[in-house]
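Every number for a ligand or one of its atoms is a count from 1 in the order of the listing. By convention here, the first residue in the shown sequence is residue 1.
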Amino acid sequence: MRRVILLAIMVALGAGILPAAAQQRTFLAIATGGTAGVYFPLGAALAEMWSGRVPNVQATAQTSGASVANIRLLQRGDVAIAFVQNDITYYAFHGTEMFMDRIANKPQPAATLRGMAMLYPETIQVVTLRSKNINSIADLRGKRIAVGAPGSGTEVNARQILRAFELGYYNTRPDFLNFAEAADQLKDGVVDGAFITAGFPTAAVQDIASGRDLKILPIPRDVVEQLRETYPYYTHVTIPANTYRGQIEPVETTAVMAMLVTRQDVEEHLIYALTAALWDNVDRLRVAHARGRDVTALTARRGMPITMHAGALRYYRERGIK
Ligand code: GLU
C-alpha cells in the first residue's frame with residue numbers, strides 16, 4: 001500500500017501536480033516569468049483565483065526565465081501550466097529553431113504540449129535612453145544590449161530582430177538579463193539598450209521611465225513584413241503615445257501573443273475546471289494588469305498554434321466558442 005501511494009505521488013510529481021491524498025488538495029504549479037514582467041502578476045492572480053474557486057486545488061505562481069524555460073519546465077513535469085509566447089510554443093511543438101536536436105540536426109517535437117487559452121499581445125519594446133543618441137535599432141551596432149533572460153522568449157525575439165538589421169551577437173555586446181536587471185542597468189548606463197517582450201505597460205519599462213528620459217526604438221512596418229516571411233507570428237502593433245512617462249509619440253513595432261500551455265497528460269476534468277473558472281472570473285486578471293482586458297473567452301481559440309487540451313476544448317465547445 002505504502003509503495004502504491006509513493007508511486008502515485010511520484011507519478012503526480014512528474015506531472016507538476018501533487019495530490020496530497022485522495023480527495024485532498026491538488027497542488028498545481030504555474031510557470032510565469034520575472035517579477036518585473038506581466039506573466040508574473042497575471043499568474044499570481046490566476047493562482048489565487050484557481051485556489052479559491054476550484055475545489056481542492058492549491059495553485060502557486062513560480063518565477064522563471066520565461067517562455068523557453070517554461071516549455072522545459074512543462075516537459076520535465078515541474079509545472080502543469082505555463083505562460084508562453086505563441087511563437088515559442090509553436091517551435092517547441094514542432095521541435096524547430098531552439099528546440100532542434102543540434103547533434104542529430106533534426107526536429108525534436110514536444111508533441112505532448114497542449115494549448116489552453118490565447119491571452120493578450122506581447123509587444124517587442126526596444127528601450128534606450130534619450131541621452132544615448134541612439135535613434136534606430138541599426139545604431140545598436142557595437143553597443144551593449146540586454147537581450148532577455150537566458151531561456152526567455154525575449155532573447156529569441158532579440159536575435160531574430162537584430163538579424164533583420166544585420167546585427168547579431170557577433171557585432172553587438174549581448175547581456176542575458178531579466179527585465180528587472182535590464183531596467184537597473186539601463187538606468188545606470190551600463191547597457192545601452194534593452195529588449196523587452198511583454199504586454200504594455202510593462203513594470204520594468206515604467207521603472208526606467210520614472211527615473212530617466214526613455215526612448216522606444218521603432219521596428220518599421222517593412223521590417224515587420226520581412227520578419228513575418230520567416231516568422232509569421234510577428235504582427236504589427238503601435239504603442240500609443242504616453243503609454244510611458246515622457247514617451248510623447250506613438251511607436252510602431254511588432255508583437256506576439258501570450259498563451260497558457262499545459263500537457264496532454266494533465267487530467268481532462270482538471271483542465272476543464274480550470275478553464276471554466278478562468279472565464280467565470282476573468283475580471284480578476286483585469287484588476288491585476290491592463291492587458292487582462294484583452295483576455296476574453298471569445299478570442300481564447302483565435303490563432304492557437306498547437307493542439308488544444310481536451311478539457312479546454314470541451315469547455316469551448318459547450319459554450320459555442322470557435
Ligand atoms: N514574453 C516574455 C518571455 O517569454 C516574458 C514576458 C513577461 O514576463 O511578462 O521572455
Side-chain angles (χ1 to χ4, degrees), residues 30-47 61-75 79 81-93 97-99 110 113 115 117-127 145-162 174-184 193-208 219 231 233-235 237 239 243-244 253-261 285-286 288-295 303 305-306:
I30 309 167
T32 65
T35 52
V38 180
Y39 289 178
F40 183 71
L42 288 181
L46 258 185
Q62 294 181 1
T63 57
S64 74
S67 292
V68 179
N70 290 355
I71 294 282
R72 311 266 188 227
L73 291 169
L74 274 170
Q75 282 182 299
V79 302
I81 292 174
F83 285 75
V84 187
Q85 293 177 198
N86 61 344
D87 50 343
I88 305 297
T89 305
Y90 180 87
Y91 301 145
F93 192 73
E97 299 287 324
M98 68 293 305
F99 298 99
L113 297 176
M118 299 306 293
L119 300 175
Y120 60 90
E122 297 194 75
T123 301
I124 288 94
Q125 304 164 83
V126 189
V127 188
I145 317 169
V147 292
S152 64
T154 303
E155 192 270 328
V156 176
N157 299 141
R159 257 186 291 137
Q160 293 173 346
I161 289 162
L162 285 171
D175 273 322
F176 299 87
L177 306 176
N178 68 30
F179 295 165
E181 292 163 339
D184 282 344
F195 278 79
I196 308 266
T197 301
F200 62 72
T202 315
V205 185
Q206 286 174 315
D207 177 35
I208 299 162
I219 304 176
Y231 310 110
Y233 289 102
Y234 286 113
T235 58
V237 65
I239 306 169
T243 297
Y244 298 104
T253 180
T254 185
V256 292
M257 284 292 286
M259 60 183 294
L260 285 178
V261 183
L285 300 189
R286 299 184 181 144
H289 191 273
R291 288 279 71 74
R293 290 197 298 263
D294 301 334
V295 183
I306 62 167

Notebook entry, point to check: Does any N/O atom on Gly33 come nearer than 3.5 Å to any N/O atom on ligand 1?
Noted result: no
Do any nitrogen or oxygen atoms of Thr197 come within less than 3.5 Å of a nitrogen or oxygen of ligand 1?
yes
I need the atoms of ligand 1 closer than 4.0 Å to a non-hydrogen atom of [X], numbered in the order shown.
X: Thr154; answer: 2 (C), 3 (C), 10 (O)
X: Gly153; answer: 3 (C), 4 (O), 10 (O)
X: Ala66; answer: 3 (C), 4 (O), 5 (C), 10 (O)
X: Glu122; answer: 1 (N), 2 (C), 6 (C)
X: Gln85; answer: 1 (N), 2 (C), 3 (C), 4 (O), 10 (O)

Are any non-hydrogen side-chain atoms of [X] and [Y] less than 4.5 angstrom apart?
X: Val156; Y: Ile88; answer: yes
X: Met257; Y: Leu119; answer: no
X: Ile81; Y: Leu46; answer: no

How far is [atom] from its nearest protein heavy atom, and which residue and atom is that?
atom: atom 9 (O) of ligand 1; value: Val38 N, 2.6 Å
atom: atom 4 (O) of ligand 1; value: Ser67 OG, 2.6 Å
atom: atom 5 (C) of ligand 1; value: Tyr39 CE1, 3.6 Å

One should read off an interatomic distance between Tyr91 OH and Ile306 CD1, to the nearest 0.5 angstrom, of 14.5 Å
*Hey, could you give me the CE/CZ distance between Met98 and Arg159, rounded to the nearest 0.5 Å?*
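It comes to 5.5 Å.
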Q) Does a donor on one side chain sit under 3.5 Å from an acceptor on the other, for Tyr244 and Gln125? A) yes
Do Tyr234 and Gln160 have a side chain donor and acceptor closer than 3.5 Å?
-> yes
Arg291 and Pro121: which non-hydrogen atoms are nearest, and at how many Å?
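Arg291 and Pro121 have their closest heavy atoms at CD-O, 3.8 Å.
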Which one holds for Phe179 and ligand 1: side chain close, backbone close, both close, or neither close, with close meaning a heavy atom under 4.0 Å?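 Side chain only; the backbone of Phe179 stays clear of ligand 1.
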